[in-house]
Amino acid sequence: MAEGVPPRTALTFVLADGRRMSWAEYGSADGAPLVVLHGTPGSRLQFQWVHGLAGGAGIRVIAPERPGYGASDRVPGGTTFPGYADDLRQLLDHLELPTVTLCGVSGGGGFALAAAISHPERFERLILVSAGLPVPRAARRGTAPPVRLLLLLARYAPRVTGALLAVQLSADPDSAVSRAGRRFMPASDRRVFDAPEWRRRFDEDFREALEQGPGAAVRDLALGTGPLGVDPADLTVETVLLHGTEDVNVPVGIARWVAAQVPSARLIEQRGSGHLFILERPRLVLEWVGRP
């Protein structure tokens with residue numbers, strides 16, 4: 001996409017089993033490909049803000065939606081980490097991209113890790129940003145109480161979790177309840193949440209993510225405390241972990257645990273940063289794309 005050309009946000013194709021998969025593209029149409037997997041909840045719109053920066057850096061950002069989010073059809077019985085890895089492989093085949101850089105952000109981290117383990121030949125590098133995935137309980141120490149409760153409810157009371165997510169569609173971000181929830185955030189995350197422009201972007205992405213209802217998000221949350229389905233020790237793709245030391249959504253202990261399982265992984269801790277640091281410093285990811 002040349003400078004001044006808008007992003008393409010309504011792309012779809014049909015997977016082998018007949019399901020429709022949707023994705024968006026940002027940045028340069030003929031640039032170095034970077035596939036970015038959204039968080040939970042999330043949609044193909046989650047990375048619109050990087051369009052101009054990626055274009056200037058000569059990077060083509062491909063942002064697919066997982067099943068049940070936005071315009072991507074659901075998977076009967078719900079998606080799995082290894083199952084989505086094959087969806088991703090089919091997308092790369094459709095786009096005629098033999099290899100790409102793969103990035104998993106927050107709740108997209110487990111899906112990115114599973115894809116890199118399942119299809120290592122398709123990925124030049126794996127970047128995990130504030131990445132949440134199933135790990136031993138000790139590695140999750142420091143998770144904020146509201147997040148712990150949501151993960152627990154997703155596994156044992158999914159209907160309640162779905163209702164809580166649905167309520168957020170009409171929740172007033174300035175209400176006493178919303179402000180109370182934000183008090184658990186580190187200052188760096190509160191700064192982003194309180195900015196009107198970021199708040200608008202979060203709302204747009206959240207509404208698109210739940211277009212088909214909250215089921216996919218509830219499933220993702222439940223997967224976060226279940227089996228990964230692959231062994232991180234089998235990871236052979238060059239891996240970079242970027243994680244804030246003050247993250248209370250996905251504690252830095254998770255990244256440290258992954259790095260311990262994959263000795264070749266490079267862990268870069270962002271001192272004093274929370275869960276959302278990448279929104280203010282996207283070059284931390286872009287600088288790794290196309291790098292020797």
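- The backbone N or O of Gln212 sits less than 3.5 Å from a side-chain atom of Arg74, completing a donor-acceptor pair.
- Using modelled atom types, no side-chain atom of Arg19 and backbone atom of Val75 make a donor-acceptor pair closer than 3.5 Å.
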Going through the checks in order, is the side chain to side chain contact (heavy atoms under 4.5 Å, CB included) test met by Val258 and His243?
-> CA-CA 12 Å; Val258 173; His243 216 107; over 6 Å; no

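- Rounding to the nearest 0.5 Å gives a distance of 10.5 Å between CG of Leu221 and CG of Leu164.
- Rounding to the nearest 0.5 angstrom, the gap separating the OG atom in Ser72 from the CZ atom in Arg66 is 10.0 Å.
- Between Thr12 and Ser22, the side chains place no donor N or O within less than 3.5 Å of an acceptor N or O (distance only, hydrogens not considered).
- A continuous path of hydrophobic side-chain contacts links Leu92 to Phe111 [ILVMFWY only; heavy atoms under 4.5 Å].
- In the hydrophobic clustering of ILVMFWY residues, with side-chain heavy atoms under 4.5 Å counting as a link, Ile62 and Leu15 come out together.
- Arg191 contributes no side-chain N or O that, together with a main-chain N or O of Pro186, makes up a donor-acceptor pair within less than 3.5 Å.
- Hydrophobic clustering (ILVMFWY, side-chain heavy atoms < 4.5 Å, transitive): Leu102 and Ile59 are in distinct clusters.
- Under a hydrophobic clustering in which Ile, Leu, Val, Met, Phe, Trp and Tyr are joined whenever their side-chain heavy atoms come within less than 4.5 Å, directly or via other members, Tyr69 and Phe206 fall into different clusters.
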Going through the checks in order, is the side chain to side chain contact (heavy atoms under 4.5 Å, CB included) test met by Trp288 and Thr101?
-> CA-CA 8 Å; Trp288 290 97; Thr101 298; 5.7 Å; no

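- By the salt bridge (charged side-chain N to carboxylate O under 4.0 Å, His left out) test, Arg200 pairs with Glu197, Glu204, sequence neighbours left out.
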Residues Thr245, Glu269; criterion side chain to side chain donor-acceptor pair (under 3.5 Å); working and verdict = CA-CA 6 Å; Thr245 58; Glu269 297 186 10; 5.9 Å; no

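- Between the Asp189 side chain and the Leu276 main chain, a donor and an acceptor come within less than 3.5 Å of each other.
- Looking at Thr161 and Pro214, their side chains never come closer than 4.5 Å, going by heavy atoms from C-beta outward.
- Within the structure, salt bridge (Lys or Arg N to Asp or Glu O under 4.0 Å) pairs that include any residue of residues 125-144 comprise Arg125-Glu238 (at least two apart or interchain).
- Phe193 CZ to His275 NE2: the interatomic distance, rounded to the nearest 0.5 Å, is 8.5 Å.
- The heavy-atom pair separating Val36 from Pro64 by the smallest distance is O-CD, 3.4 Å.
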Show your reasoning for whether side chain to side chain donor-acceptor pair (under 3.5 Å) applies to Ser130 and Ser106.
-> CA-CA 5 Å; Ser130 306; Ser106 189; over 6 Å; no

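- Side chain of Arg190 to backbone of Met185: a donor-acceptor contact under 3.5 angstrom is found.
- Asp30 and Ser28 get closest at one heavy-atom pair: OD1-OG, 2.9 Å.
- Within the 4.5 Å cutoff, side-chain heavy atoms of Leu34 are placed close to those of Leu286.
- Side-chain contact between Gln270 and Arg281 is present, with heavy atoms from C-beta onward closer than 4.5 Å.
- The side-chain hydrogen bond (donor to acceptor under 3.5 Å, both in side chains) check on Asp93 picks up Arg89, Arg122, with sequence neighbours excluded.
- Residue Arg291 places its CZ atom among more than 12 non-hydrogen atoms of other residues, nucleotides or ligands, all under 6.0 Å distant.
- Grouped with Leu152 in one hydrophobic cluster are Tyr156, the linkage being side-chain heavy-atom contacts under 4.5 Å among Ile, Leu, Val, Met, Phe, Trp and Tyr residues.
- For Gln48 (side chain) and Tyr26 (main-chain N/O), no donor-acceptor pair under 3.5 Å exists by modelled atom type.
- In this structure, Arg155 has no salt bridge (charged side-chain N to carboxylate O under 4.0 Å, His left out) partners at least two apart in sequence or on a different chain.
- Looking at every heavy atom in both residues, Ala112 comes nearest to Leu37 through N-CD1, 3.5 Å.
- The hydrophobic cluster containing Leu133 does not contain Val240, counting ILVMFWY residues as joined when their side-chain heavy atoms lie under 4.5 angstrom apart, directly or transitively.
- Here the side chains of His51 and Val61 are not in contact, with every heavy-atom distance at 4.5 Å or above.
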Test Ser118 against Asp86 for side chain to side chain contact (heavy atoms under 4.5 Å, CB included), laying out the working first.
-> CA-CA 8 Å; Ser118 301; Asp86 193 62; over 6 Å; no

Determine, step by step, whether Val218 and Arg159 satisfy the side chain to side chain contact (heavy atoms under 4.5 Å, CB included) criterion, reporting the C-alpha distance in whole Å, the side-chain angles of both residues, the deciding distance to 0.1 Å, and the verdict.
-> CA-CA 8 Å; Val218 174; Arg159 290 186 179 180; over 6 Å; no

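- Annotation: side chain of Leu88 is in contact with side chain of Phe123 (closest heavy-atom distance under 4.5 Å).
- Formation of a donor-acceptor pair under 3.5 Å by the Thr143 side chain with backbone atoms of Arg148 is not found in this model.
- With rounding to the nearest 0.5 Å, the separation of CZ in Arg199 from CG in Asp194 is 6.0 Å.
- Take Gln46 and apply the side-chain hydrogen bond (donor to acceptor under 3.5 Å, both in side chains) test, not counting sequence neighbours, and it matches Asp205.
- Counted within 6.0 Å of CZ on Arg266, heavy atoms from surrounding residues, nucleotides or ligands total 12 or fewer; the atom is thus considered open.
- Between Trp23 and Phe13, some side-chain heavy-atom pair lies under the 4.5 Å cut-off.
- Of all heavy-atom pairs between Ser188 and Gly274, the closest is OG-N, 3.1 Å.
- Closest heavy-atom contact between Leu242 and Ile127: CD1-CG2, 4.1 Å.
- Rounding to the nearest 0.5 Å places OG1 of Thr239 at 4.5 Å from CG of Leu126.
- Side chains of Glu208 and Thr9 form no contact here, defined as non-hydrogen atoms less than 4.5 Å apart.
- At least one side-chain heavy atom of Phe47 sits under 4.5 Å from a side-chain heavy atom of Val105.
- Rounded to the nearest 0.5 angstrom, Ile278 CD1 and Cys103 SG are separated by 7.0 Å.
- The nearest pair of heavy atoms linking Gly109 to Ala131 is CA-CB, 3.8 Å.
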